[in-house]
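Given the structure is predicted, the values throughout are model-derived calculations rather than measurements. Just so it is clear: chains get the letters A, B, ... in the order the sequence lines come, proteins before strands, and each one is counted from 1.
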Number of protein chains: 2
Amino acid sequence: MRMSQGVEWALHTCLNLTYVESGQAVPTAALAKFYALPPAYLNKHLQALVRAGILSSTPGPRGGFRLARRPEAISLLDVVTAIEGSGEAFPCDQILREGPGGRPDVDYRHACVIAGAMRHAELAWRRELAGRSLADIRAEVETRYPDTPRNTRERFAALLG
Amino acid sequence: MRMSQGVEWALHTCLNLTYVESGQAVPTAALAKFYALPPAYLNKHLQALVRAGILSSTPGPRGGFRLARRPEAISLLDVVTAIEGSGEAFPCDQILREGPGGRPDVDYRHACVIAGAMRHAELAWRRELAGRSLADIRAEVETRYPDTPRNTRERFAALLG
DNA sequence: GTGTAATTACTCGGATATTATTTGTCCGAGTGGACCCGG
DNA sequence: CCGGGTCCACTCGGACAAATAATATCCGAGTAATTACAC
């Protein structure tokens, strides 16, 4: 039930990329040093974000990663599902098929009341995450911690220089 | 992010125990045969439910498990946390401490905006699960599948006889 | 000085180990009923 | 027939092993800037 720590890395990294002037790419090494993360493993997660269409990557010198869309168009749910996969958290193995009156031709992922209740709760979770974009997060951060934009850009400048 | 399949087993088993006349205990073997589950492993999960105060167990002949409280007083969240633990699904490792302006004396599990957003979504999920009791589930099952009470009791009678 | 071609350093991307978690199994401790035996 | 003591089968509970997923690392393919060189 615990989700991968890569989700935390991905969320913070995407938020940081929000502050990079668009068109400029940031390599894995710089993104990893930002929070003292293992570069090779962070790169693995960044690859997943590229496959999900959240980041775009360019190889070679001056290459690296950048946001593939505007921050308003990237929800927290997008990032989470890119790392964790889109599967349901509650795995309905349809054990009712083995129970009394169970039939092999029925899809109990829809028929089972328990599975329905679990799915309903999960939808509430997804709805919350889908309703918050990177732009929203960024706005709240800047309200509560006004130094963050400057600090972030300075750190990037130092890491890229 | 995927939760243990033991949650499904536990939920269905608790729901089935709802139909057993109170005072009567059902051994692991019978509960396992109900859905053709591995008895020893199901027993492991039942132990967790006992530790959480959801079931009570009695050893020896005519022993087994029974609900420790009324079905109205057992929420889906109770069962889920009994199996999965009460920890947060999103693990905030406070990587902001290594970032620019990060301080070791700050608890970023509360200060971090991203952690807050994730916790908010998780609370929505918990609220849904906490709002549904075994009695609610049972009522919905009986509305949609009127044969379930009789089928369940008959299967238990066959397994205990 | 300028255009071109070879070189080189840099970056991503996936294949490969290692560790942690989940899944699954087994055997011992304890309990309650049943049976046996004596009164 | 009735009471008590012994035995035995049944059940939970935790210790132990295998399989799966998460974590971490390394090296090769490809690219773009840079440099050297000829014109």
Side-chain angles (χ1 to χ4, degrees), chain A residues 1-10 13 17 20 23-33 35-52 54-66 68 80 82-85 87 89-91 93 95 159-161, chain B residues 1-10 13 17 20 23-33 35-52 54-66 68 80 82-85 87 89-91 93 95 159-161:
Chain A
M1 184 51 197
R2 177 179 137 274
M3 68 175 66
S4 160
Q5 66 174 5
V7 173
E8 186 183 11
W9 300 1
T13 298
L17 283 173
V20 175
Q24 183 172 7
V26 183
T28 301
L31 294 170
K33 279 183 188 169
Y35 294 121
L37 303 175
Y41 190 31
L42 175 63
N43 178 264
K44 193 185 182 72
H45 290 306
L46 296 178
Q47 288 175 33
L49 293 173
V50 170
R51 278 192 294 272
I54 295 170
L55 301 183
S56 69
S57 65
T58 55
R62 297 285 174 184
F65 297 88
R66 72 197 75 185
V80 169
I83 303 295
E84 290 289 320
F90 176 76
D93 287 348
I95 63 177
L159 291 174
L160 293 174
Chain B
M1 183 53 196
R2 179 179 134 275
M3 69 175 65
S4 160
Q5 67 175 3
V7 173
E8 185 182 12
W9 299 2
T13 299
L17 282 173
V20 175
Q24 184 173 7
V26 184
T28 301
L31 293 170
K33 278 183 189 168
Y35 294 121
L37 303 175
Y41 190 31
L42 176 63
N43 178 264
K44 194 185 183 74
H45 291 306
L46 297 179
Q47 287 176 34
L49 293 173
V50 169
R51 279 192 293 271
I54 294 170
L55 300 184
S56 68
S57 65
T58 54
R62 298 286 174 184
F65 296 89
R66 73 197 73 183
V80 170
I83 303 296
E84 290 289 319
F90 176 76
D93 286 350
I95 62 177
L159 291 174
L160 293 173

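Considering only residues two or more places apart in sequence or on other chains, Pro91(A) meets the side-chain contact (heavy atoms from CB on, under 4.5 Å) condition with Asp93(A), Arg2(B), Met3(B). Taking Ala30(B) as the reference, Val26(B), Pro27(B), Leu159(B), Leu160(B) meet the side-chain contact (heavy atoms from CB on, under 4.5 Å) condition, with sequence neighbours excluded. Residues passing the side-chain hydrogen bond (donor to acceptor under 3.5 Å, both in side chains) test with Thr58(B), sequence neighbours excluded: Arg66(B). Looking at residues two or more places apart in sequence or on another chain, you find a ring pair (Phe, Tyr, Trp, His ring centres under 6.0 Å) between Tyr41(B) and Trp9(B), His45(B).
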Subject >> Nucleic acid footprint by protein, nucleotides 16-28 of chain D - heavy-atom cut-off 4.0 Å, B for base, S for sugar-phosphate alone >> reply: -------BBBB--
**OP:** Quick one, give me the B/S/- string for nucleotides 3-9 of chain D, reading 5' to 3', where B means a protein heavy atom under 4.0 Å from the base and S means that only happens at the primed atoms, P, OP1 or OP2.
**Re:** -------
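Applying the 4.0 Å criterion to OP1 and OP2 of dT11(D), one finds that Thr58(B) has every side-chain N and O outside that range. Contact annotation: Arg66(A) side-chain N/O to dC12(C) OP1/OP2 distance is not under 4.0 Å. Taking 4.0 angstrom as the limit, Ser57(A) places none of its side-chain polar atoms (N or O) nearer than this to OP1 or OP2 of dT11(C). Contact check, Arg62(B) against dC12(D): no side-chain N or O comes under 4.0 Å of OP1 or OP2.
The side chain to side chain contact (heavy atoms under 4.5 Å, CB included) with Phe65(A) is formed by just one residue from the set Ile54(A), Leu49(A), Thr13(A), Asn43(A); it is Asn43(A).
Between the side chain of Glu84(A) and the backbone N or O of Ser4(A), at least one donor-acceptor pair lies under 3.5 Å.
The interatomic distance linking Leu46(B) (CG) with dG13(D) (C1') rounds to 12 Å, in whole Å. Residue Gln47(B) contributes atom CD, which lies 15 Å from atom P of dT11(D) at whole-angstrom precision.
Contact detail for Ala52(B) and Ala82(B): the closest heavy-atom pair is CB-CB, 3.5 Å. Scanning both residues, Ile83(B) and Gly6(B), for their nearest heavy atoms gives CG2-C, 4.1 Å.
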